[in-house]
Amino acid sequence: MAITMAQAINAALRDAMEADDRVLIFGEDVGRLGGVFRVTDGLQATFGEERCFDTPLAESGIIGTAIGLAMYGFRPVPEMQFDGFTYPAFEQIVSHLAKMPNRSRGTVKLPVTVRIPYGGGIGAVEHHSESPEAYWAHTAGLKVMTPGTPEDGYAMMREAIAMDDPVIFLEPKRRYWMKSDAELPITTQPAREAVVRREGTDVSVFCYGPMVRTALEAADAAADEGWSLEVVDLRSLSPLDTATMVASVERTGRAIVVHEAAMTLGMGAEIAARIQERAFYHLEAPVLRATGYDTPYPPAKLEEFWLPDVDRILDMVERSMSY
Amino acid sequence: MAITMAQAINAALRDAMEADDRVLIFGEDVGRLGGVFRVTDGLQATFGEERCFDTPLAESGIIGTAIGLAMYGFRPVPEMQFDGFTYPAFEQIVSHLAKMPNRSRGTVKLPVTVRIPYGGGIGAVEHHSESPEAYWAHTAGLKVMTPGTPEDGYAMMREAIAMDDPVIFLEPKRRYWMKSDAELPITTQPAREAVVRREGTDVSVFCYGPMVRTALEAADAAADEGWSLEVVDLRSLSPLDTATMVASVERTGRAIVVHEAAMTLGMGAEIAARIQERAFYHLEAPVLRATGYDTPYPPAKLEEFWLPDVDRILDMVERSMSY
Amino acid sequence: MADHAIDPRSLLPPDEPVHLLDPDGTLHEDDDHPLELDDEQLRELYRFMVVTRKVDREAINLQRQGQLGVYASCMGQEAAQVGSAYALAEDDWIFPSYRELGAALVRKVDAAGLLHLYRGTWLSDHDPYAHNFALMSIPIGTQALHATGLAMGAQRDGNAIAVITYFGDGGTSEGDPHEAMTFAGVMRSPVIFFVQNNQYAISVPLEKQTAAPTLAHKAVGYGMPGYRVDGNDVLATYAVTKRAVERARRGEGPAFIEAMTYRMEAHTTSDDPSRYRTQEELDEAAKTDPIARMRNLLTQRDLYDEELEQAIDEQAKETAAYVRAGIYDASHGDPLELFEHVYVDPTGHFEDQREQLRAELASSADGDGEEVA
Amino acid sequence: MADHAIDPRSLLPPDEPVHLLDPDGTLHEDDDHPLELDDEQLRELYRFMVVTRKVDREAINLQRQGQLGVYASCMGQEAAQVGSAYALAEDDWIFPSYRELGAALVRKVDAAGLLHLYRGTWLSDHDPYAHNFALMSIPIGTQALHATGLAMGAQRDGNAIAVITYFGDGGTSEGDPHEAMTFAGVMRSPVIFFVQNNQYAISVPLEKQTAAPTLAHKAVGYGMPGYRVDGNDVLATYAVTKRAVERARRGEGPAFIEAMTYRMEAHTTSDDPSRYRTQEELDEAAKTDPIARMRNLLTQRDLYDEELEQAIDEQAKETAAYVRAGIYDASHGDPLELFEHVYVDPTGHFEDQREQLRAELASSADGDGEEVA
Ligand SMILES: Cc1ncc(C[n+]2csc(CCOP(=O)(O)OP(=O)(O)O)c2C)c(N)n1
Ligand SMILES: Cc1ncc(C[n+]2csc(CCOP(=O)(O)OP(=O)(O)O)c2C)c(N)n1
Ligand SMILES: [Mg+2]
Ligand SMILES: [Mg+2]
C-alpha cells in the first residue's frame with residue numbers, strides 16, 4: 001500500500017510520540033484540524049490535548065515556549081504553518097534556539113525539531129512558497145535537514161526528533177503527495193550523509209528536498225542527450241556532507257547545484273565555494289547553479305518561469321559540458 | 001581637523017535632514033541620548049522631536065512604522081540599536097520592506113535606510129557583535145551597503161538616503177573611531193562600485209566594512225614577505241560589483257575573501273561561487289576564505305581567536321600562493 | 001485617582017457590545033451613537049452589503065472553477081466591513097488583511113484587480129494611492145504597523161486624517177499589532193485598530209486564542225479606548241467606528257474596536273471547517289445575518305421595494321460579472337516583469353538572470369511550441 | 001455581567017500600588033497581604049539587600065578597573081528583586097533579564113559565575129539547573145517565552161511549581177512578552193510576569209514607552225490579574241509576589257506584577273545618564289531607598305543592633321571579595337572550547353576550522369611568543 005510523504009511524516013510523528021512520551025507537537029491548527037496539510041492528522045485524537053495542541057497565533061511564541069519546554073525536559077516538535085511565517089520567530093530561532101546550548105557551555109540541551117513546510121510549485125499566494133534554508137544553514141548551532149523522498153520523510157524525522165541538537169526540518173511541500181511503497185518503520189542512512197540517488201559519469205548534480213525528483217527527471221532527460229548525470233541528494237544542509245560531494249566531483253569533474261531559493265547566497269554558493277576549495281584540480285568546469293532568481297518569489301501564474309526545472313538544469317549541464 | 005567615522009555618519013544624517021525635510025530619524029535612544037554610539041547626537045536638538053525621535057522598545061515596530069511613514073512620503077532612517085537586535089524585525093524587513101515595492105508592481109516605493117551598527121572586536125557582551133549581512137544580501141529587494149572608511153561613511157549614507165530603494169546600511173562599529181582628514185561634504189564613487197584600495201599583483205583580497213583596514217594591514221605585512229596583495233573594498237554587498245572583482249582576479253589569478261561573519265554561507269561563499277563561475281580559467285588557486293568560524297560569536301575574551309586578522313589572512317595568502 | 005494621568009475606567013469596554021439593530025429590523029436609538037444617516041445612506045449601506053455578498057459568492061465560484069488559486073470569503077462579515085469603511089472619509093486610509101472585500105467595495109477599489117492576488121497573475125494589482133486602500137497583507141497583523149506608520153506620517157504632515165487597519169481575533173496574538181498599538185498609544189496617532197472577531201483563526205476558536213475577558217479589554221493596556229460592537233449590525237458598526245474616527249481626526253488618539261461577528265464560510269476555499277465546527281453552530285450563527293436585518297429595517301421604514309431590490313440586484317450582478325470578466329482566464333503578464341519592480345534602480349542586479357529567463361522563454365517558444373502565456 | 005466568563009474588574013490593579021513599609025520604617029499591616037515572616041526572615045531580607053548592594057558596587061568597581069567589559073547595576077532595585085525572589089520556593093524557577101543580581105543572590109547562584117558574562121570569559125557561566133535560575137537573557141523580553149514554556153512543561157508533568165520572569169518597563173513594548181502572556185493566559189500556566197518599572201529603558205522614560213494608565217493594566221488583556229506594588233518596599237513586594245505564586249501553584253494561572261522602582265545607577269557602566277535625567281530627580285528617588293526603610297523597621301522592632309550590622313557587613317564583604325577573586329584577572333578557557341558546545345553531536349561540522357584555530361594558536365605560541373591566555 002503506497003504512502004505519501006505527508007503520511008510518512010505523520011507516521012514518524014506518531015511513532016516518535018508512541019516511543020517517547022516527552023515528544024510534544026504544537027503550533028497553529030495542528031490539533032483538531034490536523035494541520036493545513038494534515039501532517040499532524042489524528043495525533044491529538046490519539047495522544048490527547050496535552051501532547052498535541054493548538055497554540056495562539058504567534059510564531060515567536062511557539063518557538064520561545066518550545067525552548068522553555070525543552071529546558072524542562074520535553075522534546076518539542078513545533079510546527080511553523082508555512083515557510084514565510086517562520087520569520088516572526090527569527091529572533092527566537094537565531095538568538096536562542098541556535099545559541100543557548102553553546103551559551104550555557106553545554107548544560108542546556110534543546111532537542112527541538114522545528115517542522116517547516118517549504119518551497120514553491122503549488123500555486124500558492126505570496127509568503128507560502130519561500131525557501132529560507134540559507135538563513136538557517138548560515139546560523140551556527142542549528143542543524144538543517146530536508147527529505148527528498150517519503151522514506152527519508154519518515155526516517156529523517158525520527159532521527160531529528162531523537163537528536164539532542166535543535167533541528168530545522170524542512171518539508172518540501174510540493175512533494176507531500178509523492179508516493180512510495182516503503183514499509184514503515186524504515187531506517188535510511190543517517191541524515192548527515194548525502195546519498196547518491198543515481199550514479200553518473202559526466203556531471204554531478206547536487207540537490208535536496210523538492211528538487212531531488214526534478215534532478216532525477218533531468219538525469220533521465222539528459223541521458224537522451226547522451227549526458228550521464230550523477231544525482232546527489234544532500235539531505236542535511238547543515239552540516240553539509242562535503243566529503244561525498246567532493247568524491248562525486250572527483251569522479252565527474254563537473255558539478256551543478258539545484259535549488260529553488262534565490263541564487264545569491266543560496267546553498268549553491270556555499271557548495272560551489274567548498275567544491276572549488278577542495279576539488280580545485282578536478283574541476284573541468286566551474287560549479288554552476290540552476291536556481292530561483294534573485295527576485296521575490298513570483299505570483300502563482302509565473303512560478304513555472306521562476307522555478308528551476310528540467311530545462312534549466314539541462315541548460316547548465318550543456319554549459320558545463322561546453323567547458 | 002580629523003573626523004571619525006561616527007562623526008562622518010552623523011554629519012551625513014544632519015546634512016540629509018537639512019537637505020530634505022522628509023528625512024526622519026528614529027529608533028531606541030536616538031533622540032535625547034543621541035544613540036548609544038552618539039551617531040545621532042544633536043539631531044533632535046537641531047531638528048526637533050518630530051523629525052528625530054525615540055520609539056518604544058520594539059524593533060518590528062520601528063521597521064513596520066518606517067514602512068508606513070515611507071508610504072506616506074517620508075524618507076525614514078530608522079536605527080536598530082545593535083546587529084543582534086535586528087532579528088525581531090526580520091519579518092518586517094524580509095516580508096515587507098524587501099517585497100512590498102515588487103508586490104505593488106512599482107506603485108509603492110520604500111526609500112527606507114535601516115542603520116545597523118554591526119560586527120565585533122569591541123569586547124561587547126553577546127548579541128552585540130553579530131555580522132548578519134548574509135541574511136540581508138540573500139534577500140531580494142534589499143540593497144546592502146557598508147562603508148569601510150569615514151569618507152564612505154558620509155558619502156554612502158547620503159547616497160543611501162537619497163535612493164528610492166530600501167537600503168540596509170551596515171555601520172562597522174569597531175571602526176566608528178577610525179579617523180580621516182576629509183573635508184565634508186564629500187562625494188565618493190557610487191556605492192555599487194567596488195573600489196581597489198590598494199593595487200597588487202599576487203592575490204586579490206575582497207573585503208568590506210570592518211575588514212577593510214585589517215586587509216590593508218595584511219597587505220603591508222604581506223609586502224614584507226614578498227607578496228603583493230590587491231585590496232578591494234566591496235562597499236555594496238547587494239548588488240555585488242562582480243565586474244570589478246572578476247577584473248581583479250583576471251589580473252592576479254588568486255583571490256581571498258575576508259569577513260567577520262561565519263564562513264558557511266557568508267559573503268565569501270557567494271563571491272567564491274561567482275569568481276569561479278566567471279574567471280574559471282584565470283584562477284590559479286581556489287578562492288579561499290579568511291572569516292569567522294561556524295560557531296556563535298564568542299565571548300569577548302575569546303573574540304581575538306575567532307575574528308579574522310592579519311595572521312589568518314596571511315595564512316590564506318600563503319595557501320593560495322602554494323597552488 | 002491614582003498616580004496615572006488617564007482614568008483607566010474611561011478606556012474599558014462596556015459589558016455588552018453596542019447594538020442598535022435587532023434581527024427583526026427594530027432600531028434602538030442611542031444618544032451616545034447618533035446615526036445621522038439619511039434614507040439614501042441607509043439604502044447604500046444595504047446595497048454595499050448585498051453587492052459584497054454577491055461578489056464574494058462569485059469569487060468562491062471562480063475558485064471552484066479553477067480560476068482563483070484560493071479565496072478567503074467574507075461572508076457573514078459584510079456589516080463589520082461595510083459599516084466601518086463607510087464611516088471613513090475619502091482621504092482616510094484603510095490597511096486591510098486578506099479578507100476585506102467589503103471594505104474594498106465601499107472604497108470603490110477595483111474588485112477584479114483585488115482578486116488578481118488570489119488568481120496569482122500578480123502579487124497584488126491595485127494602486128493603493130488611487131483610493132487610499134493599502135495592499136492586502138497576508139502575514140498576520142503586520143499591516144497594523146504600516147497603518148500606524150502612515151498615521152504618524154499624517155500627523156507630521158498636519159493632515160487630519162484617520163487610518164483604519166483590519167485584523168482578526170487570531171491576529172491579536174501576534175507581536176506586531178501589540179507593537180503597533182504601543183506606538184500609536186504613545187504617539188497618539190490617529191489609527192483605528194478594527195478587529196473582526198469572527199470567532200476563529202482557521203480552526204482555532206477564540207478561547208484558545210486568548211483568555212482576555214474580551215478583545216476590547218486589550219485597549220486599556222495601550223492607553224486607548226476599547227469599543228465593542230455587534231459586528232453584524234451595520235448601523236452600530238458604523239456609529240461606533242464613526243465616533244472613533246472623529247476622535248482620531250480631532251487628535252485624541254487611537255482606538256480599538258472589537259466587532260463581534262462570525263465567519264460563515266470556510267477559512268479559505270482550501271479549508272475544511274467540518275473538522276472543527278458543527279452545522280448547529282453555523283445554523284445558530286445564520287440567525288444573526290447582517291443583511292437580513294438591514295432589509296427588515298428598510299422594509300419597516302418603507303425604504304425597500306421591488307424597484308430597489310431590482311436595482312441592487314442588477315448592480316450586484318454587474319459587479320460580479322465585471323469581476324468574472326476581469327479574472328476569467330486572465331493571463332499573467334510578460335514573465336520578464338519578474339525583474340521589473342524589485343528595485344527602482346536595479347543597476348548591477350540580475351542582468352544574467354534576466355538573460356537566462358529570456359533564453360528559456362525563447363527556446364520554449366521556438367522549441368517545443370509550449371505557450372508562454 | 002456580560003458575555004465574558006471572567007469579571008474584568010477582578011483583574012485590574014487598584015488605584016495605588018500596594019505599600020506596607022514607609023520610608024521611616026512604619027509598617028502598615030494589610031489583611032490582603034499577610035506577611036507571616038518571623039524576625040529571622042525580616043533580617044534575612046535586609047541582609048540580602050545589603051549584600052546585593054555591596055556586590056553590585058564591587059561589580060561597578062571591577063568594571064572601572066577594566067575587569068568587566070560592562071555591567072548593568074541593580075542599585076535601587078534591591079527590594080524589588082529580593083522581595084520577589086524570596087517569595088519563591090526552591091523548586092520554583094527564575095528567568096532573569098541581565099540585571100537580576102539581587103534575585104540571583106537570593107537563589108544562591110554563584111555571583112562570580114554570573115559575572116563572567118560581563119567579563120566575557122564565557123557567554124554565561126552558571127548551571128541553570130543547579131538553582132533553577134535560567135541564564136541571563138540580553139535580547140529584551142525574550143526570556144518571558146522561555147519561562148512560559150517551562151511552566152507549560154511543569155503543568156504537563158503535574159509539577160506544581162511557579163515560574164517567575166523578570167523584564168523591564170521597556171520590555172513590555174516588545175512582541176515576545178505579549179506573546180508569552182497570551183500563551184500563559186490561555187494555558188493558565190503558572191508564570192509570574194514581574195516587571196521592574198524603573199522608569200527608564202536606557203534613556204527613554206516611561207511616558208515615551210507606553211500610554212497605558214499603568215503597566216499593570218496590561219494584564220486584563222491577557223485574562224490575568226495585574227498587581228502593582230511599591231517595588232522599593234521589600235515587604236510589599238514579597239507579599240504581593242507570594243500571593244501570585246501561591247495562586248499559580250494552585251493552578252489558578254499566571255499573574256502580572258508591576259513593581260514601581262527606580263534605577264539609581266546608569267543603565268550600564270557604558271551609559272551617561274546625565275544626558276537624560278537630572279540630579280534633582282536622582283535626589284528625589286534616593287529618598288525612597290529600599291534598604292534604609294527596612295533598616296528603620298528593624299531598628300523600630302529592636303531587631304537591628306551592632307552585632308547584626310557587623311555580621312551583615314562581613315557577609316557582604318566576603319561575598320564581594322569572593323566575586324572579586326573569581327573575576328579579577330580570570331582567564332578564559334582554551335580557545336578551542338569555542339567548538340565544544342555548539343552541537344551535542346558535531347559530526348561533520350568544522351573539523352577544518354578547529355584545525356585552523358589550533359594551527360593559529362600553535363604558531364602564535366611558538367612564533368612571536370604571544371601569550372594565549
Ligand atoms: C504570520 C502568519 N502566521 C500564520 C499565517 C497563516 N494563517 C493565515 S490566516 C490564519 C488565521 C487568521 O485568523 P484571524 O486573525 O482570526 O483572521 P481571520 O482569518 O479569521 O479573518 C493563519 C494562521 C499567516 N498568514 N501569517
Ligand atoms: C531586542 C533588544 N533590543 C534592544 C536592546 C538594547 N537594550 C538593552 S537594555 C535596553 C533597555 C531596556 O529597558 P527596560 O526593559 O526598561 O529594562 P531596564 O534596562 O531598565 O532594566 C535596550 C534598548 C536589547 N538588549 N534587546
Ligand atoms: Mg478570525
Ligand atoms: Mg527600565
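Every chain is numbered from 1 and lettered A, B, ... according to where its sequence line falls, protein lines coming before strand lines.
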### Query
Of all heavy-atom pairs between A:T264 and B:E270, which one has the smallest distance, and what is that distance?
CA-OE1, 3.3 Å
### Message
Could you report the tightest heavy-atom contact between B:G84 and A:S95, atom names first, then the distance?
### Response
O-OG, 4.2 Å
### Query
To the nearest 0.5 Å, what is the distance between NE2 (B:H96) and NE2 (A:H127)?
5.5 Å
### Query
Is the backbone of A:V287 close enough, under 3.5 Å, to the side chain of B:Q276 for a donor and an acceptor to pair up by distance?
yes
### Distance (rounded to the nearest 0.5 Å) between B:E126 CD and A:N102 CG
8.0 Å
### Query
Is there a side-chain contact between B:E91 and A:E59 (heavy atoms, below 4.5 Å)?
no
### Task
Return the option, out of A:G141, A:P88, A:S60, A:A272, with the maximum number of heavy-atom pairs under 4.5 Å with chain B.
A:P88
#### Entry: Cationic N near anionic O, under 4.0 Å, A:K99 to B:E130
yes
### OH-NE2 distance between B:Y135 and A:H138, expressed to the nearest 0.5 angstrom
5.5 Å
### Task
Please flag which part of A:E284 lies under 4.5 Å from any non-hydrogen atom of chain B: side chain, backbone, both or neither.
backbone
### Summary
Counting heavy-atom pairs under 4.5 Å with chain A, the top scorer among B:T139, B:T86, B:I275 is B:T139
### Summary
Scanning both residues in full, the closest heavy-atom pair of B:G266 with A:L265 reads O-CD2, 3.2 Å
### Message
Side chains of B:L283 and A:F280, heavy atoms from C-beta outward: is any pair under 4.5 Å?
### Response
yes
### Query
Which class fits the ring pair B:Y323 and A:Y281: parallel under 30°, tilted 30 to 60°, perpendicular over 60°?
tilted
### Task
Output the option from B:A285, B:A261, B:A98 having the highest count of non-hydrogen pairs under 4.5 Å with chain A.
B:A285
### Task
Please look at B:S238 and chain A and tell me whether the side chain, the backbone, both or neither of the residue comes under 4.5 angstrom of a heavy atom of that chain.
neither
### Query
Is the closest side-chain heavy-atom distance between B:P296 and A:R103 below 4.5 Å?
no
